[in-house]
Amino acid sequence: VTRVAILDYPDYRPFDLEEATAAELGMRLSIVSIESFRQQPFAVDVRLNAGGWPLTGELLLASSCRWAVGYGIGMDWCGRDDARAHNVTVVNMPLANAPDVALHALALMLGTVRKLPFFDAQVRGGDFSSVAGMPLLRLEGRTLGLLGFGNIPRRLAQLARPLGLEILAFDPGVEPETIRDHGVTPVGSLTALLSRSHILSVHVPSTPTTQRLLDEKAIGLLPIGATLILTSRGEVYDPRAVAEALRRGHLAAAGIDVFDPEPPGLSHLLLHAPNTILTPHVAGWSVESVVSMHLTAAAVLRAIAAGDPLPPDARAYLP
Ligand SMILES: NC(=O)c1ccc[n+]([C@@H]2O[C@H](COP(=O)([O-])OP(=O)(O)OC[C@H]3O[C@@H](n4cnc5c(N)ncnc54)[C@H](O)[C@@H]3O)[C@@H](O)[C@H]2O)c1
């Protein structure tokens with residue numbers, strides 16, 4: 001009998017579809033919290049990692065499994081070496097919530113540029129004057145820089161084009177021709193992207209080479225008064241450098257959905273920096289994205305049971 005464990009994530013409950021599918025396929029399914037799984041890992045054939053919980057070598061070893069399936073795009077919860085060493089096929093859902101993250105990045109961009117939290121607080125406080133919120137700048141004619149040009153920034157470019165922005169992208173893993181095909185101008189280096197971006201939206205995954213990619217030096221290359229939008233992973237930027245740039249005014253504003261660590265804790269520097277919109281890693285959440293993750297997880301179970309190739313919405317990316 002194939003044993004399946006769902007590593008629970010309350011935001012994605014209930015897992016009725018996975019339970020019904022497992023029952024239909026004669027699989028034995030259990031749902032466990034990550035805390036209890038860490039304390040007492042157990043062997044399964046398929047692990048459905050709903051929360052994208054980090055699965056290190058130790059946990060994989062203590063709980064040998066053949067398949068580990070992440071609910072979403074992020075691929076940072078299981079390292080390549082660990083997966084290879086333990087012979088686990090790691091699967092993600094590369095398009096599950098890309099439209100939602102793109103929309104959230106756009107929302108953060110518009111909210112910060114139009115200073116919505118500031119004006120909202122002012123009106124609620126009985127102050128209807130506008131001068132304290134000046135200046136407000138038009139987006140039209142400004143430049144949006146996309147760091148990384150995977151699925152999410154491609155959608156963001158589509159959403160942002162009607163706003164009259166010039167859109168640039170830097171991604172050494174994507175052919176310049178492909179970037180041009182999306183109506184976006186490729187640039188040849190990170191430095192060139194940073195020095196031209198009035199708004200920088202960051203979409204690089206968290207990997208050993210992107211840790212703190214946006215450090216003090218990189219942020220210093222942005223034009224004075226730039227806006228920073230962070231929706232990929234907290235590890236790719238230096239929170240101290242971002243907070244300091246906001247305080248000095250080098251950054252006019254930042255919209256931030258991802259932190260390191262998560263949750264950030266009340267003393268996290270970015271909770272005390274000016275001109276920010278902060279959201280709790282919800283960029284990818286929509287009813288539609290959650291439904292699509294459940295459907296894909298159920299389809300993965302069917303494919304495993306039948307020995308078929310994975311469904312189109314799932315991709316084995318490791319080892
Ligand atoms: N906030 C959220 O709720 C949420 C939800 C989903 C995904 N994400 C994050 O968004 C990230 C991006 O998603 P995607 O679907 O666009 O990913 P993707 O896998 O389609 O593309 C990632 C791109 O980043 C590029 N890249 C890697 N290192 C780079 C570097 N140093 N400089 C420039 N480009 C680099 C790669 O070449 C690749 O084209 C995911 O990795 C995930 O961590 C966040």
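Order of listing sets the numbers, starting from 1, for every ligand and every atom in it.
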For ligand 1, which of its N or O atoms have a protein N or O partner closer than 3.5 Å, and how long is each gap?
residue: ligand 1; atom: 1 (N); partner: Thr231; partner atom: O; Å: 2.9
residue: ligand 1; atom: 1 (N); partner: Asp257; partner atom: OD2; Å: 2.9
residue: ligand 1; atom: 3 (O); partner: His281; partner atom: NE2; Å: 3.4
residue: ligand 1; atom: 3 (O); partner: Gly284; partner atom: N; Å: 3.1
residue: ligand 1; atom: 16 (O); partner: Asn151; partner atom: N; Å: 3.3
residue: ligand 1; atom: 16 (O); partner: Ile152; partner atom: N; Å: 3.0
residue: ligand 1; atom: 20 (O); partner: Asn151; partner atom: N; Å: 3.0
residue: ligand 1; atom: 20 (O); partner: Asn151; partner atom: ND2; Å: 3.4
residue: ligand 1; atom: 37 (O); partner: Asp171; partner atom: OD1; Å: 2.7
residue: ligand 1; atom: 37 (O); partner: Asp171; partner atom: OD2; Å: 3.4
residue: ligand 1; atom: 39 (O); partner: Asp171; partner atom: OD2; Å: 2.6
residue: ligand 1; atom: 43 (O); partner: Arg233; partner atom: NH1; Å: 3.3

Show every donor-acceptor pair shorter than 3.5 Å between a side-chain atom in residues 225-232 and any protein atom, with sequence neighbours excluded, or say none if there are none.
residue: Ser232; atom: OG; partner: Val204; partner atom: O; Å: 2.7

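- When the ring-ring contact (aromatic ring centres under 6.0 Å, His included) test is applied to His294, the partners found at least two apart in sequence or on another chain are Phe15.
- A donor-acceptor pair under 3.5 Å is formed between the side chain of Ser286 and the backbone N or O of Ser289.
- A distance-only check finds no donor-acceptor pair linking the side chain of Trp67 to the backbone of Val4 [under 3.5 Å].
- Annotation: side chain to side chain donor-acceptor pair (under 3.5 Å) contacts involving residues 132-153, sequence neighbours excluded, comprise Thr143-Glu166.
- Using a 4.0 Å cut-off between charged nitrogen and carboxylate oxygen, Arg247 and Glu244 count as a salt-bridge pair.
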